[in-house]
> 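Just dropping this structure here.
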Amino acid sequence: MIDRRAHLATPAPGTCEWVLSYPRFKDWISSGRSDVLHLTGDMGSGKTTMMSFLSHHIRSYHTADHVKSVSRPFTVCSFFCSDQHHRFRDAVWILRGLLFQLLENNLNLQKSMHTSITSLGDIPAENWNQSLLWPRLKAGLNSPLTGPVVLIIDALDECQQGSISLLLENIGSLLEQ
């Protein structure tokens with residue numbers, strides 16, 4: 001799987017940390033509900049660096065599971081779009097990346113979704129589409145085996161509009177549940 005995460009610049013020490021005390025971030029991360037934190041800024045202002053910082057930092061956060069009286073770590077799935085390569089600006093690749101990350105460190109979820117995921121092997125990867133991948137990602141996100149998940153999708157403005165509209169619609173409907 002092609003992944004831009006490994007190629008992103010590491011923030012200089014002491015930078016980006018301001019966002020952790022930013023009231024909107026604190027409210028969002030502690031809310032316990034599905035919601036969007038939308039960060040905007042001018043081109044070249046460091047949004048991708050900030051998203052990279054947050055994707056690493058949020059992994060250390062835990063959320064209280066009041067039903068089981070335990071604290072659960074966040075699963076962070078991120079995709080960093082770019083207009084430089086077709087795989088980084090297409091919703092199918094975004095879904096592939098998010099689904100892979102959701103499953104890669106959750107053996108129980110892998111086992112639970114085994115049949116659904118292995119059935120993808122019967123279909124050539126170039127024929128995968130949002131209608132095929134979205135239900136699997138949604139099932140994984142809604143699984144009680146998953147725990148709290150943060151999805152970070154950076155640079156959506158660099159994606160193909162026709163490709164991204166359905167993805168945003170699906171994410172919106174997931175948030176309304």
Side-chain angles (χ1 to χ4, degrees), residues 1-66 70-107 109 133-134 137-138 140-141 146-161 163-172 174-176:
M1 165 139 260
I2 295 176
D3 191 349
R4 287 191 62 221
R5 292 177 297 167
H7 303 288
L8 298 173
T10 303
T15 61
C16 296
E17 293 178 11
W18 64 267
V19 75
L20 303 176
S21 60
Y22 186 61
R24 287 185 85 180
F25 173 79
K26 288 169 57 175
D27 290 346
W28 172 78
I29 199 73
S30 65
S31 73
R33 63 181 192 279
S34 297
D35 205 353
V36 172
L37 177 66
H38 184 200
L39 299 180
T40 61
D42 294 333
M43 186 170 34
S45 63
K47 295 179 302 295
T48 296
T49 302
M50 178 67 70
M51 294 295 97
S52 178
F53 169 82
L54 286 174
S55 73
H56 293 291
H57 191 79
I58 291 172
R59 293 174 206 280
S60 68
Y61 278 69
H62 286 68
T63 185
D65 184 335
H66 300 294
V70 296
S71 177
R72 299 183 73 176
F74 282 94
T75 298
V76 179
C77 304
S78 58
F79 194 91
F80 293 84
C81 304
S82 171
D83 61 4
Q84 300 301 308
H85 193 284
H86 73 91
R87 291 181 176 169
F88 298 137
R89 63 177 181 253
D90 183 81
V92 170
W93 282 90
I94 294 170
L95 289 171
R96 288 174 71 155
L98 297 175
L99 182 58
F100 175 81
Q101 292 171 63
L102 186 64
L103 292 169
E104 78 178 322
N105 293 315
N106 190 330
L107 187 58
L109 185 62
L133 295 174
W134 176 255
L137 179 61
K138 182 179 176 183
L141 292 170
T146 304
V149 178
V150 173
L151 300 179
I152 294 177
I153 306 174
D154 180 65
L156 279 171
D157 60 321
E158 296 187 30
C159 292
Q160 299 163 340
Q161 278 311 115
S163 167
I164 216 68
S165 297
L166 179 59
L167 176 64
L168 293 175
E169 185 178 308
N170 284 330
I171 291 172
L174 184 66
L175 291 171
E176 291 173 0

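One is the number of the first residue; the rest follow in order along the sequence. Here the structure is a predicted model, which is why all the values come from computation and not from measurement. Both backbone and side-chain heavy atoms feed into the values below; hydrogens, waters and symmetry mates do not.
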> Take I171 and I153, measure what side-chain contact (heavy atoms from CB on, under 4.5 Å) needs, and give me the verdict at the end.
CA-CA 11 Å; I171 291 172; I153 306 174; 3.9 Å; yes

> Has N106 got a side-chain atom pairing as donor or acceptor with L109's backbone, closer than 3.5 angstrom?
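Flag set: sc N106 to bb L109 pair under 3.5 Å.
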
> Walk me through it: do F25 and I58 pass the test side-chain contact (heavy atoms from CB on, under 4.5 Å)?
CA-CA 11 Å; F25 173 79; I58 291 172; 4.2 Å; yes

> With a 4.5 Å heavy-atom cut-off, do T48 and F80 have their side chains touching?
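Result yes, sub-4.5 Å side-chain heavy-atom pair found.
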
> Mind checking the CG-SG spacing from L102 to C77? Nearest 0.5 Å is all I need.
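Going from CG on L102 over to SG on C77, the span is 4.5 Å.
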
> Could you go step by step and tell me if L54 and M51 meet the side-chain contact (heavy atoms from CB on, under 4.5 Å) rule?
CA-CA 5 Å; L54 286 174; M51 294 295 97; 3.7 Å; yes

> Are L167 and I164 close enough that some pair of their side-chain heavy atoms sits under 4.5 Å apart?
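Yes - at least one pair of side-chain heavy atoms lies under 4.5 Å apart.
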
> Give a yes or no on whether the backbone of G97 and the side-chain of Q101 come within a donor-acceptor separation of less than 3.5 Å.
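At least one qualifying donor-acceptor pair exists.
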
> Is there side-chain contact between L151 and V76, with at least one heavy-atom pair below 4.5 Å?
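The answer is no, as the side chains (C-beta and beyond) never meet within the 4.5 Å cut-off.
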
> Quick check: do F79 and D154 have side-chain heavy atoms less than 4.5 Å from each other?
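With C-beta onward as the side chain, the pair stays apart.
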
> In the structure I gave you, are the side-chain heavy atoms of K138 and N170 within less than 4.5 Å of one another anywhere?
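With C-beta onward as the side chain, the pair stays apart.
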
> Decide yes or no for L133 and L137: does some side-chain heavy atom of the first lie under 4.5 Å from some side-chain heavy atom of the second?
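No, too far: nothing below the 4.5 Å cut-off.
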
> Please answer whether the main-chain N or O of F88 pairs with a side-chain N or O of S82 as donor and acceptor at a distance below 3.5 Å.
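Checking the backbone N and O of F88 against the side chain of S82, no donor-acceptor pair under 3.5 Å is found.
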
> Ignoring hydrogens, what is the shortest heavy-atom contact between A91 and S163? Give both atom names and the distance.
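In this case the closest contact between A91 and S163 is N-OG, 2.6 Å.
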
> Could you walk me through whether L156 and L168 pass side-chain contact (heavy atoms from CB on, under 4.5 Å), step by step?
CA-CA 10 Å; L156 279 171; L168 293 175; 3.8 Å; yes

> Look at the side chain of T146 and the backbone N and O of G140, then say whether any donor-acceptor pair between them is shorter than 3.5 Å.
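Yes; at least one donor-acceptor contact below 3.5 Å.
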
> Which pair of heavy atoms, one from L39 and one from K47, lies closest together, and at what distance?
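Scanning both residues completely, I find the closest heavy atoms to be O-CD, 4.4 Å.
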
> Is a side-chain donor or acceptor of E158 paired with a backbone partner of R89 at a separation under 3.5 angstrom?
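Checking the backbone N and O of R89 against the side chain of E158, no donor-acceptor pair under 3.5 Å is found.
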
> Rounded to the nearest 0.5 Å, how far apart are OG of S78 and CZ of R59?
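Output value for this atom pair is 6.0 Å.
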
> Nearest 0.5 Å, please: how far is CD1 in I94 from CH2 in W134?
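Rounded to the nearest 0.5 Å, the CH2-CD1 separation comes out at 11.0 Å.
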
> For the residue pair M50 and W18, establish whether any side-chain heavy-atom pair is separated by less than 4.5 Å.
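The answer is yes, as the side chains (C-beta and beyond) meet within the 4.5 Å cut-off.
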
> With under 30° as parallel and over 60° as perpendicular, where do the rings of F53 and H57 fit, or are they tilted in between?
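Ring orientation, 0 to 90° scale: parallel.
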
> Between T15 and P11 (side chain of the first, backbone of the second, donor and acceptor by atom type, cut-off under 3.5 Å), is there such a pair?
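A pair under 3.5 Å: no.
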
> Quick one: CZ on R96 to CG on L99, what's the gap to the nearest 0.5 Å?
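Result: 10.0 Å between the selected atoms.
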
> Please answer whether the main-chain N or O of T49 pairs with a side-chain N or O of S52 as donor and acceptor at a distance below 3.5 Å.
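No.
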
